[in-house]
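Below, chains carry the letters A, B, ... as their sequence lines are ordered, and counting in each starts from 1. Basis for what follows: all heavy atoms, side chains included, without hydrogens, waters or symmetry-related copies. Bear in mind that the values here come from a model prediction, so they are computed numbers and not experimental data.
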Amino acid sequence: MNPLEHKISEIKEKKIYKKNFCLLAIKNNFHYTALPGQFIHVKTEDVFLRRPFSIAKYSDKNLSVLFQIKGKGTFSLSRKNPGEKIDIIGPVGNSFPYEKFKGDIVIAAGGIGISPMIFLASVLIKNKKKFSFFYGARNKDLLLDIFLPSGKYPAVVSTDDGSKGEKGKITDKIKDYIKTGKIDAIFASGPYFMLKTISEIAQNANIPCYVSMENRMFCGTGVCQGCVIETAEGFKKVCTEGPIFDAKQIKWKETTYL
Amino acid sequence: MNPLEHKISEIKEKKIYKKNFCLLAIKNNFHYTALPGQFIHVKTEDVFLRRPFSIAKYSDKNLSVLFQIKGKGTFSLSRKNPGEKIDIIGPVGNSFPYEKFKGDIVIAAGGIGISPMIFLASVLIKNKKKFSFFYGARNKDLLLDIFLPSGKYPAVVSTDDGSKGEKGKITDKIKDYIKTGKIDAIFASGPYFMLKTISEIAQNANIPCYVSMENRMFCGTGVCQGCVIETAEGFKKVCTEGPIFDAKQIKWKETTYL
Amino acid sequence: MERNNIPIKIRLGKIRLDSPVIPASGVFGYGDELKSLIDYNKIGAIVTKTLTIKEKKGNPQPRIWELENGLLNSIGLQNIGIERFVEKKFPVIKKLKKPIIVSIGGDTEEEILLCLQYISKRIPYGLAGIELNLSCPNIGKNNLISENAKDTYNIVKQARKITSQFLIAKLSPNAGDVGEIGRAAQQAGADALCAFNTFKGLSFDWEKQKVLLGGVSGNAIFPLSSRLVYQLYQNVSIPIIGVGGIHSGITGLLMILCGAYIIGIGTSLMLNPQIPDEIIEEIKKYIKEKNIKKWEEIVGFINDKKRENKLLSDI
Amino acid sequence: MERNNIPIKIRLGKIRLDSPVIPASGVFGYGDELKSLIDYNKIGAIVTKTLTIKEKKGNPQPRIWELENGLLNSIGLQNIGIERFVEKKFPVIKKLKKPIIVSIGGDTEEEILLCLQYISKRIPYGLAGIELNLSCPNIGKNNLISENAKDTYNIVKQARKITSQFLIAKLSPNAGDVGEIGRAAQQAGADALCAFNTFKGLSFDWEKQKVLLGGVSGNAIFPLSSRLVYQLYQNVSIPIIGVGGIHSGITGLLMILCGAYIIGIGTSLMLNPQIPDEIIEEIKKYIKEKNIKKWEEIVGFINDKKRENKLLSDI
Ligand SMILES: Cc1cc2nc3c(=O)[nH]c(=O)nc-3n(C[C@H](O)[C@H](O)[C@H](O)COP(=O)(O)OP(=O)(O)OC[C@H]3O[C@@H](n4cnc5c(N)ncnc54)[C@H](O)[C@@H]3O)c2cc1C
Ligand SMILES: Cc1cc2nc3c(=O)[nH]c(=O)nc-3n(C[C@H](O)[C@H](O)[C@H](O)COP(=O)(O)OP(=O)(O)OC[C@H]3O[C@@H](n4cnc5c(N)ncnc54)[C@H](O)[C@@H]3O)c2cc1C
Ligand SMILES: Cc1cc2nc3c(=O)[nH]c(=O)nc-3n(C[C@H](O)[C@H](O)[C@H](O)COP(=O)(O)O)c2cc1C
Ligand SMILES: Cc1cc2nc3c(=O)[nH]c(=O)nc-3n(C[C@H](O)[C@H](O)[C@H](O)COP(=O)(O)O)c2cc1C
Ligand code: FES
Ligand code: FES
């Protein structure tokens with residue numbers, strides 16, 4: 001992993017989508033390169049702790065986070081404007097192990113879980129990897145399909161209520177899809193129970209599956225042991241031993257960590 | 001005294017003067033009438049306690065506060081805009097006892113201390129009382145002479161450095177002035193040491209003198225005993241037993257309360 | 001009588017309260033000053049500033065110091081003295097027809113007990129409660145009376161002999177084990193506990209280069225005071241008046257769920273005079289959601305008294 | 001060597017420190033994890049997470065809970081165990097050429113002492129300090145070891161026999177009288193005190209309807225912890241490492257003026273990795289203004305040790 005950096009960076013662009021989602025493009029003044037799946041730990045006003053957000057877009061010039069306005073922290077962050085500075089620590093965490101896999105990859109994203117997958121897909125495209133992108137949300141107001149990277153790859157979009165794209169759970173679409181051919185790996189990001197379902201699907205089909213996990217974080221740098229989740233090898237830190245985990249390793253629960 | 005009221009009122013107007021002063025006109029939705037010298041206790045963001053501000057202008061429609069941006073509280077208040085609501089308690093405190101005096105009154109204001117005197121002068125004008133208005137500041141950037149109420153009355157404006165108006169301390173101007181004729185009372189508002197000096201001048205000349213005092217406040221409603229100052233009759237609460245005190249009663253100190 | 005619309009009976013001793021929310025001592029004057037500001041239908045009782053046997057001048061300035069998320073105060077118990085209270089103030093607040101809790105204190109045990117004797121003679125019955133402010137120096141010892149279980153026991157025991165009115169012991173949160181102090185007060189005959197007074201705190205006036213010592217109240221202390229109420233509840237069976245940092249509907253409700261039978265609001269009452277109403281609304285919602293029928297059910301609702309052994313801070 | 005530019009000598013025991021600012025245990029991993037994030041020239045020492053004789057799994061989720069102006073945590077001392085530390089981690093951090101303070105703890109007195117024995121054998125000299133985390137349960141009693149003066153005395157006394165290295169006793173702020181605890185630790189032979197660990201606190205997960213018990217740290221506790229350091233300083237003559245809620249240059253400096261010889265930063269170090277530098281700048285300004293020549297002059301500068309009797313909260 002690259003060394004962590006602490007930076008005060010300028011916001012270059014802000015966009016609000018569907019009222020409750022915000023994209024912030026931040027000047028990339030990191031010395032080291034970020035990998036898809038990594039996140040930044042962001043300071044903002046009105047709340048005490050930093051907030052973790054996956055890197056959604058990444059270039060030498062800018063890096064972007066795409067987030068849902070949920071509580072005080074994300075609200076305050078969404079009020080920041082281009083020209084203002086923000087205080088970030090990053091890039092944190094491991095990344096999707098796409099290099100390990102030669103063949104077809106399934107990207108599975110749910111809701112705002114699309115965020116790290118935008119970055120991931122762009123890297124796969126650059127590396128000429130084959131993948132298909134499955135993206136679902138509960139309804140069209142929660143669907144950020146405009147962020148599907150442009151490029152030639154199969155994409156399936158669905159909403160639970162059918163208000164946009166195909167109707168039905170994206171996990172069902174994936175289940176059907178993997179029956180049709182050989183899949184090398186599934187990379188997933190989204191709500192806990194979606195990840196749990198995908199993990200089961202993958203395991204039944206005997207396909208390697210990696211998921212991006214979330215948890216409450218304090219340090220976001222691996223030193224406080226605050227963000228651990230249970231795995232086959234005991235407690236693991238989401239921030240630096242994750243956020244990407246082999247789905248098989250995770251002890252899935254009946255209730256979410258959050 | 002009128003009963004205290006707690007109101008959420010709309011800001012009708014905001015103006016910034018000389019970068020560091022702010023006038024907020026607030027919709028007057030008090031049921032009872034305010035008197036000159038009274039203040040309102042205002043809630044704002046980023047700070048824990050309310051902030052007290054004298055009523056600077058008063059009509060059935062609006063009441064205004066005029067304040068200097070000093071620390072976090074006044075800064076945050078100065079960022080509010082017309083249309084936003086603010087949470088106020090008031091009108092608090094006693095008032096200048098102008099009705100007791102038939103003859104000439106001297107109004108003495110220093111710096112932002114002009115704020116309650118604007119309201120006071122307008123009431124004196126309405127009541128056809130004779131007064132002269134002495135207003136001083138350290139320099140022209142701290143002088144808010146645009147707030148001298150229009151009307152026919154003698155006004156003397158001075159700055160310590162002569163950058164506007166007469167040169168010299170306003171207290172010296174007053175000292176000279178009261179030698180020239182019969183003055184019934186002095187009403188003063190301004191920095192502690194200005195009030196102390198005026199108090200001495202008045203006492204030497206045997207003129208009744210009333211001053212508007214300041215102190216740190218918590219409740220601002222007379223219940224916590226936090227804002228007391230020493231007087232001849234023991235500790236008195238600035239918020240409800242003041243803020244206007246007979247200058248003779250105050251035990252003036254070598255250091256300010258604040 | 002259900003003016004607050006909480007469809008549940010709340011009693012302090014034999015007195016029915018309109019609301020589980022009361023002011024904390026020291027932020028409500030002698031009881032009638034805030035009549036126009038605070039909706040008396042939304043508070044369960046009047047609570048007076050602590051009164052002492054003699055009038056007290058209080059501390060020099062500054063007495064009030066703003067903290068980041070709280071208040072530091074050192075008023076020094078300035079008050080008009082119990083005699084003037086009984087003569088001038090009591091007749092006035094009696095007319096408000098609210099239950100009255102009189103807080104009494106002093107610089108020494110003796111002073112407190114003298115004050116109690118005085119009030120017991122002058123107002124022998126009819127008070128909703130007499131609150132002993134036990135956050136006063138423990139003469140000859142380096143702490144406050146309610147930081148020591150034996151001393152707490154002794155003074156409450158003596159107080160109990162003096163009055164048969166509803167006796168509330170107000171405790172300091174700065175004790176090592178508030179459970180032990182609470183048990184001592186209960187064994188000595190206290191009818192209820194008021195938990196808590198302010199936390200010992202410090203700030204600094206950089207301009208005047210002066211240390212400021214005093215008590216910390218307000219939002220910042222809520223996570224601490226609610227924990228101590230939680231802990232106290234596991235140690236006593238008499239009602240607890242939970243006080244300390246309550247500043248919203250949710251924190252008011254949480255204090256009750258931790259084990260407070262009623263709750264007191266100090267600092268926040270001045271910052272938001274509407275807070276009693278906000279808390280009542282939150283409680284009503286909760287009572288409805290959980291289909292609660294008796295006030296006692298909600299009190300300590302989340303507090304497993306059996307968890308006592310796990311109560312230690314696990315750091 | 002004056003890499004921090006503080007033109008004054010600061011020593012912990014015989015070891016010269018580059019800076020009076022050190023991390024607090026538990027927010028700095030085992031010492032090298034934050035190398036790229038924190039300027040090691042600005043910190044006086046490395047302080048490890050508390051280590052126990054056996055590896056500890058720690059508490060279930062949630063371990064972290066955000067408060068209005070602070071943090072509630074219940075990590076439960078998850079750590080790799082002293083053995084793995086000595087073997088895998090110690091050789092790595094030794095290379096960083098910073099003074100090293102190893103924090104050790106346990107669930108019982110015995111466990112702590114076993115851990116101390118182990119480390120004394122494996123690393124018999126060269127540490128800047130061994131910190132005994134005495135905020136652990138007092139088996140059979142309803143408090144933590146450092147909430148009880150006798151128990152504190154006993155464990156430090158035994159620890160003293162085991163090691164001749166610089167011994168730091170880390171205290172809980174939840175004791176009734178921290179001065180008494182501090183004196184006990186000093187009498188038993190502690191070389192320094194680390195004051196303090198977290199305050200007992202509570203929060204609630206409304207979604208999951210779950211009580212959260214843990215320790216409170218961060219900004220909210222500063223007015224309380226600085227007061228306790230002020231009080232402790234009046235009771236002991238050994239150096240105090242002041243910890244608790246420091247979050248700015250000014251609060252860092254104030255902790256020293258209250259009586260801390262050096263200061264530890266926990267929570268805020270993660271929120272602002274630049275904080276050691278900000279504190280050093282503030283200290284340098286003050287030293288210059290006051291024309292101070294020796295570190296000891298600034299320590300407790302505003303603390304009148306003679307004021308002991310007035311230290312009681314006057315409410
Ligand atoms: C590795 C990682 C990557 C993430 N990437 C994204 C992203 O790209 N886009 C996005 O919209 N969200 C992302 N999240 C979730 C995001 O961090 C939370 O939505 C955010 O912290 C909520 O803050 P709040 O103040 O608005 O909400 P509140 O609910 O008010 O926050 C209260 C507390 O809970 C914590 N919290 C609440 N929800 C979460 C959560 N889901 N994960 C972690 N902590 C939480 C907050 O950090 C805070 O400490 C990510 C989380 C993690 C752990
Ligand atoms: C009765 C009364 C009437 C006032 N009228 C006016 C007015 O019309 N215009 C105006 O500009 N100012 C007025 N002041 C002063 C004004 O209240 C302070 O300037 C303001 O509280 C400063 O807040 P701050 O957060 O900007 O400053 P900070 O210095 O950051 O405040 C820190 C703390 O000190 C208190 N404090 C600081 N200065 C004062 C002060 N002078 N008086 C009382 N408390 C203080 C604050 O309320 C706060 O609790 C009045 C004060 C009183 C008591
Ligand atoms: C300004 C002020 C004065 C107080 N005076 C008293 C008092 O006279 N007697 C008393 O028992 N408690 C007194 N207290 C303590 C409060 O009653 C209450 O216990 C404490 O402030 C914690 O509650 P809070 O956080 O809601 O304010 C006072 C508190 C403040 C802030
Ligand atoms: C996440 C976390 C973990 C901690 N772990 C330990 C620990 O292992 N040993 C210890 O002695 N103190 C531990 N502490 C307490 C800190 O060292 C410090 O005493 C306390 O947090 C107060 O300081 P602060 O407000 O600067 O954080 C921990 C604190 C936090 C927030
Ligand atoms: S948040 Fe501290 S270890 Fe992950
Ligand atoms: S501020 Fe409370 S009495 Fe004046």
Side-chain angles (χ1 to χ4, degrees), chain A residues 1-8 30-32 41-52 70-73 87-92 192 213-231 233-241 250-251 253-258, chain D residues 23-39 47-50 55-80 205 207-210 212 214 216-220 247 266-275:
Chain A
M1 242 183 295
N2 286 332
L4 290 173
E5 300 175 57
H6 175 221
K7 296 286 179 191
I8 315 289
F30 284 128
H31 187 256
Y32 297 96
H41 210 29
V42 184
K43 210 164 150 172
T44 187
E45 279 77 50
D46 301 324
V47 295
F48 188 69
L49 297 180
R50 289 178 181 269
R51 297 288 188 266
K70 227 188 96 173
K72 266 196 182 178
D87 176 328
I88 60 183
I89 288 177
V92 194
Y192 188 84
M213 299 296 287
E214 295 187 358
N215 204 350
R216 280 193 183 74
M217 289 184 180
F218 161 45
C219 72
T221 58
V223 293
C224 81
Q225 318 283 352
C227 64
V228 299
I229 58 173
E230 267 184 87
T231 74
E233 294 164 13
F235 282 134
K236 293 253 177 183
K237 295 175 275 195
V238 170
C239 65
T240 51
E241 298 179 287
I250 287 171
K251 293 204 174 167
K253 314 240 165 172
E254 294 310 309
T255 53
T256 61
Y257 282 105
L258 285 161
Chain D
S25 175
V27 301
F28 206 63
Y30 302 108
D32 65 330
E33 291 94 325
L34 300 181
K35 256 187 353 234
S36 65
L37 215 53
I38 283 163
D39 183 349
V47 181
T48 71
K49 170 78 187 163
T50 295
E55 172 182 353
K56 265 176 84 86
K57 204 170 129 64
N59 286 334
Q61 283 292 319
R63 293 179 170 189
I64 291 294
W65 202 259
E66 186 177 46
L67 304 173
E68 259 182 47
N69 201 25
L71 173 67
L72 184 75
N73 92 77
S74 65
I75 305 296
L77 283 189
Q78 176 177 354
N79 77 91
I80 55 173
D205 183 342
E207 226 175 285
K208 298 207 158 76
Q209 292 280 314
K210 196 173 143 43
L212 306 158
V216 179
S217 63
N219 304 24
H247 60 280
T267 308
S268 283
L269 198 60
M270 305 324 308
L271 304 180
N272 175 14
Q274 246 68 64
I275 196 168

| Just how far is it from atom NZ of D:Lys57 to atom CD of A:Gln225, taken to the nearest 0.5 Å? | 12.5 Å
| query | Does D:Glu66 reach the main-chain N or O of A:Leu49 with its side chain, forming a donor-acceptor pair under 3.5 Å? | reply | yes
| Distance-only, no hydrogens or angles: does the D:Ser36 side chain make a donor-acceptor pair with backbone N or O of A:Leu4 under 3.5 Å? | yes
| query | When you look at NZ of A:Lys72, are more than 12 heavy atoms from neighbouring residues, nucleotides or ligands closer to it than 6.0 Å? | reply | no
| message | What I'd like to find out is whether the side chain of D:Asn272 reaches to under 4.5 Å of the side chain of A:Lys43, using heavy atoms alone. | response | yes
| How long is the span from the CG atom in D:Leu271 to the SG atom in A:Cys219, to the nearest 0.5 Å? | 10.0 Å
| request: Measure distances from D:Lys35 to the heavy atoms of chain A and classify the residue's part below 4.5 Å as side chain, backbone, both or neither. | output: neither
| note | Nearest heavy-atom approach of D:Leu71 to A:Phe48 is N-CE2, 4.0 Å
| request: Quick one: closest heavy-atom pair of A:Gly226 and D:Arg63, and the distance? | output: O-CB, 3.6 Å
| query | For the candidates A:Ile229, A:Asp46, A:Ile89, which exhibits the highest count of non-hydrogen atom pairs separated by less than 4.5 Å from chain D? | reply | A:Ile89
| Structural part of D:Gln78 lying under 4.5 Å from a heavy atom of chain A | both
| With chain D, which of A:Leu258, A:Thr256, A:Val228, A:Val47 has the greatest number of heavy-atom pairs at distances under 4.5 Å? | A:Val228
| Non-hydrogen side-chain atoms of D:Ile64 and A:Phe218 separated by less than 4.5 Å | yes
| query | Which region of D:Leu67, side chain (C-beta onward) or backbone (N, CA, C, O), has a non-hydrogen atom less than 4.5 Å from a non-hydrogen atom of chain A, or is it both or neither? | reply | backbone
| Atom CD in D:Glu33, atom OG1 in A:Thr221: separation rounded to 0.5 Å? | 8.5 Å
| field | Beyond-backbone contact of D:Gln61 with A:Asn215, side-chain heavy atoms, under 4.5 angstrom | value | yes
| said: If I take atom CD1 from residue A:Ile8 and atom CD from residue D:Gln274, how far apart are they, to the nearest 0.5 angstrom? | reply: 7.0 Å
| task | Heavy atoms only, distances under 4.5 angstrom: which of D:Ile38, D:Asp205, D:Asn69, D:Leu269 has the most pairs with chain A? Name it, please. | result | D:Asn69
| query | When only pairs under 4.5 Å are counted, which of D:Thr267, D:Val27, D:Asn79 shares the most heavy-atom pairs with chain A? | reply | D:Thr267
| Which bit of D:Asn219 comes within less than 4.5 Å of chain A, counting heavy atoms only: side chain, backbone, both or neither? | both
| task | Quick one: which of D:Gly70, D:Gly218, D:Gly26 has the most heavy-atom pairs under 4.5 Å with chain A, could you say? | result | D:Gly70
